[in-house]
Amino acid sequence: MIRLTQLRKMFGERVAVDALDLHVPRGEIFGLLGHNGAGKSTTIGMLLGQVWPTAGELRVCGHDVTRDRAQALAKVGAIFETPVFYDYLSGWRNLEILAGYTAPTPPARIREVVAWVGLTGREQSKVRTYSHGMRARLALAQALLPGPELLILDEPTNGLDPEGIHEMRETIRRLHAELGLTILLSSHLLSEVEQLCGRIAVLNQGRKVFDGTLDEARHGQSWVRLKTNDFAAAVRELRAAGLITADRDGEFIALTPDGAVADVVRRLVGLGFPVHEIAPEKQTLEDFYLSLMRRPEGESAK
Amino acid sequence: MFFTQLKHELWKLFGKKRTYIGFGVFLLAPNAVVLMFRFSNAANGIRRTLEGGGYPVADFITAETIATQVVIPVAYLLLPLYVALVGGDLVAKETEDGTLRMILARPVSRLRLLTLKWLAGLIFSLMLSVCLGAFGLAFASLWFPQGGLFAVQVELGGSGGFSVLAPSDGLWSYALAHVLLASKAISVMSLAFLFSCFNMKPAAATILALSVLFANAILMSIPWFADYKGWFITHHLNLWQWVFLQPTPWTRIVESLCLLVGYNVTFFVVGAAAFQVRDIKS
């Protein structure tokens with residue numbers, strides 16, 4: 001559904017996105033993670049033909065966005081952080097206007113979508129009277145009007161209260177389950193991505209540092225908590241024995257792919273290190289994300 | 001599809017209160033000036049000029065004459081302001097508000113979007129010019145009789161005389177002048193639209209457009225530039241007043257009209273080129 005090849009964007013001398021390869025298969029909820037300024041919104045801007053890439057290729061729904069934008073975006077809906085509308089017009093009129101840029105939209109279709117997002121009864125009110133949650137629903141309605149196959153959501157829960165965030169999350173699930181949409185979700189809310197997405201890509205300073213499933217993210221590197229008298233000395237010995245690949249925070253070690261906790265314990269006890277505690281650490285997405293952010297520039301997890 | 005999208009652009013434009021500022025002022029200002037002519041000695045200058053030329057004053061202190069006197073300063077100062085305000089808003093306000101990103105998430109081309117917006121601006125400019133003429137004449141007709149038209153001649157080679165037109169010619173010239181006034185309004189709107197296509201605030205686009213006009217007008221008023229006035233857009237923007245000249249310089253009017261069309265095309269093409277290569281970001 002989306003295929004980016006060696007995508008690069010520079011703003012003057014600053015590299016916003018660098019050598020980005022990304023593939024989002026049809027029917028997936030794909031999470032695009034990264035801190036503010038990591039290049040998520042620039043990537044989405046390029047996907048929608050709003051930002052011109054400096055180099056690389058973008059294909060959406062099989063069409064090159066740069067050369068054939070109209071075809072590429074014909075079946076695409078998008079929601080941006082803090083959705084904005086023509087506040088002085090009614091919700092209905094906003095939908096008519098925005099949908100009109102894609103294709104003629106009969107009133108029955110607008111009514112159907114308004115009902116789907118739960119705005120029936122308020123569609124004729126001016127948007128300036130809408131709450132934040134209602135604006136989010138209207139944003140969803142405008143994105144759904146062209147009957148999209150791909151939905152691009154750029155920080156869709158920004159500014160929503162917890163109830164609104166929950167509602168948006170449930171809506172995204174419904175969109176995926178009921179309408180079978182492919183969804184690209186850009187967010188820096190790890191819990192949101194963790195609950196919704198099957199696959200993720202993580203951007204850091206414009207570069208992709210991870211691309212894989214959530215399970216791969218959680219188990220990509222298993223950390224083991226180790227408490228002993230002299231952690232630094234123990235780590236030296238374990239490295240020398242080829243049992244661990246990394247350590248962090250003075251209490252975690254990362255085992256080699258074929259390493260086992262029992263081998264570590266046997267080695268340490270054999271060398272006279274008392275082992276007060278040793279237990280595999282269950283890695284959350286947050287742990288994984290933070291570990292990616294701490295990595296030296298240019299090093300990626302996958 | 002194109003006309004539906006144009007209708008939508010007009011909904012957006014005419015849904016905003018600020019779009020009506022010009023219409024509101026054009027309702028009030030001509031009224032105030034007409035009342036001043038009616039209840040003060042403001043018409044004495046015209047009266048003296050007519051008497052000096054041997055014309056019957058009663059035939060020319062008319063609704064057409066007063067409406068023309070009202071419209072000239074308004075068209076010179078206020079009309080450019082309101083059309084520049086709308087022209088400067090057309091693209092830059094949508095960029096500033098963020099609605100442009102919503103639109104450009106759709107499969108509409110930037111060129112088509114700009115064409116729609118420019119056409120909406122053109123319709124607004126045309127309506128504002130026609131309303132200015134209609135309001136001026138309507139209010140003047142409340143206090144003055146219909147009849148001939150007296151108009152002070154604007155320079156076209158340095159003359160500063162006046163014209164008197166018979167009743168049938170007067171009304172026709174007045175109507176034609178306001179159709180041509182639309183060319184001025186559209187050109188100023190297009191100039192502001194050009195700046196609006198660049199990455200700048202709407203107010204900056206409006207101010208830049210007005211600055212260009214004022215700078216043109218100032219340079220044109222310097223005697224050294226008298227021989228070069230044809231190079232200034234402000235010279236051609238006055239073509240609507242040349243309709244009142246006797247004999248009417250049709251060739252010059254058509255020539256200036258063609259030049260204004262050229263200016264408009266240039267403004268649009270340069271604006272569209274700048275807009276096309278821009279990155280639209282939040």
Side-chain angles (χ1 to χ4, degrees), chain A residues 9-11 16 41-42 44-54 60-61 63 65 68-90 93-105 126-127 138-139 142-143 145-146 148 151-152 154-155, chain B residues 1-21 86 89-120 124 197-199 202 272-282:
Chain A
K9 177 63 190 179
M10 295 186 72
F11 292 110
S41 292
T42 302
I44 287 179
M46 287 191 279
L47 274 173
L48 294 169
Q50 300 174 343
V51 174
W52 298 106
T54 307
V60 172
C61 301
H63 300 277
V65 178
D68 194 8
R69 186 174 169 275
Q71 285 291 317
L73 299 187
K75 290 284 177 189
V76 175
I79 300 178
F80 303 106
E81 51 185 318
T82 338
V84 282
F85 293 97
Y86 306 102
D87 282 7
Y88 51 89
L89 298 175
S90 69
R93 204 134 264 193
N94 270 276
L95 293 178
E96 279 185 290
I97 289 171
L98 291 167
Y101 289 113
T102 300
T105 310
K126 293 237 163 74
V127 173
L138 189 65
Q142 64 81 27
L145 270 176
L151 203 55
I152 295 175
D154 188 5
E155 313 272 4
Chain B
M1 185 69 176
F2 184 84
F3 288 103
T4 306
Q5 290 172 342
L6 180 59
K7 181 179 75 179
H8 293 166
E9 283 302 324
L10 291 171
W11 280 352
K12 284 194 272 178
L13 181 57
F14 287 96
K16 282 188 283 194
K17 283 182 184 155
R18 61 194 299 175
T19 304
Y20 295 95
I21 296 174
V86 166
D89 265 10
L90 280 170
V91 180
K93 188 79 171 81
E94 291 233 38
T95 313
E96 186 182 59
D97 291 348
T99 45
L100 192 66
R101 260 193 105 195
M102 301 281 279
I103 296 171
L104 289 179
R106 307 264 167 192
V108 63
S109 74
R110 295 187 187 197
L111 183 63
R112 186 184 178 102
L113 182 65
L114 285 191
T115 307
L116 290 164
K117 288 190 169 297
W118 186 81
L119 283 175
F124 167 82
C197 292
F198 287 83
N199 189 12
F275 188 67
Q276 184 66 28
V277 298
R278 259 180 76 185
D279 289 324
I280 309 296
K281 292 201 79 206
S282 55

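Residue numbers begin at 1 in each chain, while the letters A, B, ... track the order of the sequences. As the structure is a prediction and not an experimental result, all values here were calculated from the model.
- Of the possible donor and acceptor atoms, none in the side chain of A:Y101 sits under 3.5 Å from a partner among the backbone N and O of B:Q5.
- Closest approach of A:L73 to B:A105, counting heavy atoms only: CD1-O, 4.0 Å.
- Contact between B:I103 and A:L98 at its shortest, heavy atoms only, is CG1-CD2, 4.2 Å.
- Across A:L48, A:D154, A:I97, the residue that shares the most heavy-atom pairs under 4.5 angstrom with chain B is A:I97.
- Of all heavy-atom pairs between B:D279 and A:K9, the closest is OD2-NZ, 2.7 Å.
- Using a 4.5 Å heavy-atom cut-off against chain A, the contacting residues of residues 111-119 of chain B are B:L113, B:L116.
- Residue with the most contacts toward chain B among A:A103, A:A143, A:A139: A:A103 (heavy-atom pairs, distance under 4.5 Å).
- Within the 4.5 angstrom heavy-atom criterion, no atom of A:D87 approaches chain B.
- If you measure heavy-atom distances from A:L89 to chain B, the contacts under 4.5 Å come from the side chain alone.
- Across all non-hydrogen atoms, the minimal contact from A:T42 to B:K281 is OG1-NZ, 3.4 Å.
- Comparing B:K7, B:M102, B:R101, B:E9 by how many heavy-atom pairs each has under 4.5 Å with chain A, the most go to B:R101.
- Side-chain atoms of A:R69 come within 3.5 Å of backbone atoms of B:V108 as a donor-acceptor pair (strictly under, hydrogens ignored).
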Residue pair B:R106, A:Q142: steps toward the side chain to side chain contact (heavy atoms under 4.5 Å, CB included) verdict
CA-CA 10 Å; B:R106 307 264 167 192; A:Q142 64 81 27; 2.6 Å; yes
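- A:N94 contributes atom CG, which lies 11.0 Å from atom NE2 of B:H8 (distance to the nearest 0.5 angstrom).
- Proximity to chain B (any heavy atom under 4.5 Å) is restricted, for A:F80, to the side chain, taken from C-beta onward.
- A 6.0 Å sphere centred on CZ of B:F3 holds no more than 12 heavy atoms belonging to other residues, nucleotides or ligands.
- Using a 4.5 Å cut-off between heavy atoms, A:A72 does not touch chain B at all.
- Across B:R278 and A:W52, no two heavy atoms sit closer than the pair O-NE1, 3.4 Å.
- For a residue to count as touching a neighbouring chain, one of its non-hydrogen atoms must lie under 4.5 Å from one of that chain's; by this rule A:Q71 does not touch chain B.
- Between chain B and the residues A:P146, A:G100, A:G49, A:P83, the largest count of heavy-atom pairs under 4.5 Å involves A:G100.
- Residues A:V84 and B:T99 come closest through the heavy atom pair CG2-N, 3.7 Å.
- Applying the 6.0 Å contact sphere to NZ of B:K16 captures more than 12 heavy atoms from other residues, nucleotides or ligands.
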